[in-house]
Amino acid sequence: EGSYAGIFHAIDDKMSDAVKVDYATPLYGKEYFYEELLGLKFKVTAFSFFQTNTPGAEVLYDAVRRYVTGGVPGQNTPGQEDGGDRSSRAEKVCVDENRSGSPVLYDLYSGTGTIGQVLSPVAGKVYGIELIPEAVDAARENVALNGITNCEFIAGDVLEKLAELPEKPDYIVLDPPREGINPKALAQIIDYGVGEMVYISCKASSFKRDMVTLRANGWRVKRYCLVDLFPQTMHVETVCLLSKLSEAKNHITVKLDMEEMNVSAAESKATYQEIQRWVQEKYDFHVTNLNIAQVKRKHGIIERENYNKPKSEDSRQPGCTDKKVKAIEEALRFFQMI
């Protein structure tokens with residue numbers, strides 16, 4: 001079913017899986033075709049990035065839209081309940097309450113501008129940055145095609161172009177290539193101080209690496225979902241909503257005085273029975289309450305009267321063997337008592 005839009009002959013003499021050809025010429029038909037996605041129309045050229053699984057891409061971009069607008073993927077959006085227009089949009093974007101009512105949204109690694117255009121109704125201004133010039137040309141054509149006036153797409157490296165943007169973002173959407181985000185660009189993105197971001201990842205290991213940096217700077221996973229764009233393959237897309245809480249408004253410090261609670265920090269960790277079970281399961285031998293008490297005293301864990309103390313404790317009983325001492329000490333470390 002259907003028809004061919006065009007056939008290309010492309011030559012690529014590099015040892016790489018990147019689509020960067022040395023020479024291409026059309027053999028048949030046109031150099032582009034049109035695709036509809038979430039009620040918008042897109043002109044797709046041969047070398048501009050566009051998801052090949054269009055029904056799956058609708059699920060993916062709808063998940064992004066719901067995260068940005070405060071919804072949850074999998075639930076109906078306004079207009080869908082009664083079979084209405086799939087392009088219906090929620091009315092507000094989740095941004096820092098101190099920002100303006102017309103939020104600025106960055107669509108980084110924007111490809112043909114699909115995400116930026118899908119989110120344009122809830123943003124005052126959308127800036128998209130994409131490395132491939134052909135994709136940016138297609139994005140600019142697409143915003144004109146869809147009558148969108150608040151999207152601006154820029155060709156270049158994200159790291160270099162971020163400094164040139166005239167407005168700071170209220171919200172950031174990241175859809176980087178498989179290698180993830182340049183560490184310097186990630187540092188610059190973090191410095192913007194937005195309250196939330198959406199990270200779309202096509203490679204879990206790159207996402208994990210970037211999350212190490214994000215977590216170290218106070219970012220946490222608020223919500224995520226997986227979208228299977230390529231069934232029966234190992235590949236899956238991750239859509240992750242990241243949040244950074246404000247120190248002043250969202251954190252409280254609680255101090256517990258263990259003396260007032262009449263219990264030591266170590267005593268609050270694990271009972272004798274739990275320590276005995278841990279040693280039995282790991283080393284397959286039994287330790288007595290007396291053995292545990294002796295090792296606890298060795299490490300300066302002072303017990304209150306009648307708290308878990310062995311009923312038959314007798315200082316004249318033989319000491320704990322080295323093997324049992326080591327096992328109990330490992331159990332105490334496991335329960336963070338030493």
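As the structure is a prediction and not an experimental result, all values here were calculated from the model.
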Shared ILVMFWY cluster between L145 and V118, side chains joined below 4.5 angstrom?
-> no
Between N291 and I328, is any pair of side-chain heavy atoms under 4.5 Å apart?
-> yes
Please list all pairs passing the salt bridge (Lys or Arg N to Asp or Glu O under 4.0 Å) test where one or both residues lie in residues 319-331, with sequence neighbours left out.
-> K282-E330, K298-E329
When you measure from the side chain of N146 to the backbone N and O of I148, does any donor-acceptor pair fall under 3.5 Å?
-> no
NZ or CZ of K125 within 45° of Y127 ring axis and under 6.0 Å | yes
Please write out which residues are connected to M234 in a hydrophobic cluster, directly or through intermediates, given that two of Ile, Leu, Val, Met, Phe, Trp, Tyr count as joined at side-chain heavy-atom separations below 4.5 angstrom.
-> none
Ignoring hydrogens and angles, state whether a donor on the side chain of Q276 or N289 is under 3.5 Å from an acceptor on the partner side chain.
-> yes
Residues which pass side chain to side chain donor-acceptor pair (under 3.5 Å) with D210, listed by chain and number, not counting sequence neighbours = Y199
Consider only side-chain heavy atoms of I, L, V, M, F, W and Y, link residues closer than 4.5 Å, and tell whether M211 and V236 are in one cluster.
-> yes
F42/Y34 aromatic ring centres below 6.0 Å | no
With a cut-off of 6.0 Å (strictly less than), are more than 12 heavy atoms of other residues, nucleotides or ligands near CG of D13?
-> no
Do Y192 and Y106 make the cut of ring centroids closer than 6.0 angstrom?
-> yes
Indicate yes or no: at least one non-hydrogen side-chain atom of Q117 is less than 4.5 angstrom from one of N142.
-> yes
For the residue pair D170 and V194, establish whether any side-chain heavy-atom pair is separated by less than 4.5 Å.
-> no
In plain terms, say whether K244 and E196 are close enough for a salt bridge, that is, a side-chain N and a carboxylate O under 4.0 Å apart.
-> no
On a heavy-atom basis, the closest approach of A185 and V158 is CB-CG1, 4.3 Å
Following the transitive rule for hydrophobic clusters with a side-chain heavy-atom cut-off under 4.5 Å over Ile, Leu, Val, Met, Phe, Trp and Tyr, establish whether L165 and L159 coincide in one cluster.
-> no
Which heavy-atom pair separates G56 from N53 by the least distance, and what is that distance?
-> N-OD1, 3.0 Å
side-chain hydrogen bond (donor to acceptor under 3.5 Å, both in side chains) pairs touching residues 224-237, sequence neighbours excluded, are none
Atom pairs and distances, donor-acceptor, side-chain atoms in residues 108-115, under 3.5 Å, two or more places apart:
| unit_1 | atom_1 | unit_2 | atom_2 | d |
| --- | --- | --- | --- | --- |
| S110 | OG | I129 | N | 3.4 |
| S110 | OG | I129 | O | 3.3 |
| T112 | OG1 | F49 | O | 3.2 |
| T112 | OG1 | T114 | OG1 | 3.3 |

In residues 201-209, what donor-acceptor pairs under 3.5 Å come from side-chain atoms, sequence neighbours left out?
| unit_1 | atom_1 | unit_2 | atom_2 | d |
| --- | --- | --- | --- | --- |
| S201 | OG | K203 | N | 3.2 |
| S201 | OG | K203 | O | 2.9 |
| S206 | OG | R178 | O | 2.5 |
| R209 | NH1 | E179 | O | 3.1 |
| R209 | NH2 | E179 | O | 3.0 |
| R209 | NH2 | I181 | O | 3.4 |

Could you tell me whether a side-chain N or O of Q294 sits under 3.5 Å from a main-chain N or O of C320, the two making a donor and an acceptor?
-> yes
What is the minimum heavy-atom distance between W278 and A331, and which atoms define it?
-> CE3-CB, 3.3 Å
Between K41 and E36, does a salt bridge (Lys or Arg N to Asp or Glu O under 4.0 Å) hold up when you go through it step by step?
-> CA-CA 4 Å; K41 196 171 184 179; E36 288 194 10; 5.5 Å; no
Are side-chain heavy atoms of H286 and V279 found at a separation under 4.5 Å?
-> no
Side chain proximity check, V287 to F285, heavy atoms < 4.5 angstrom = yes
Tell me, do V104 and K168 make a side-chain contact under 4.5 Å, heavy atoms counted?
-> no
Same apolar cluster (I L V M F W Y, side chains within < 4.5 Å links), V136/L131 | no
Spell out, yes or no, whether L186 and V221 are grouped together once hydrophobic residues are joined by side-chain heavy atoms under 4.5 Å, including indirect joins.
-> yes
Shortest non-hydrogen pair, E274 vs T271, comes out as OE1-N, 2.9 Å
Within-4.5 Å side-chain heavy-atom neighbours: I189 and D191 = no
State whether the side chain of N150 and the backbone N or O of V126 hold a donor-acceptor pair below 3.5 Å, judged by distance alone.
-> no
Please step through side-chain contact (heavy atoms from CB on, under 4.5 Å) for the pair I200 and T238, ending with a clear verdict.
-> CA-CA 6 Å; I200 304 148; T238 302; over 6 Å; no
Nearest heavy-atom pair of E58 and L38: which atoms, and what distance?
-> OE2-N, 2.9 Å
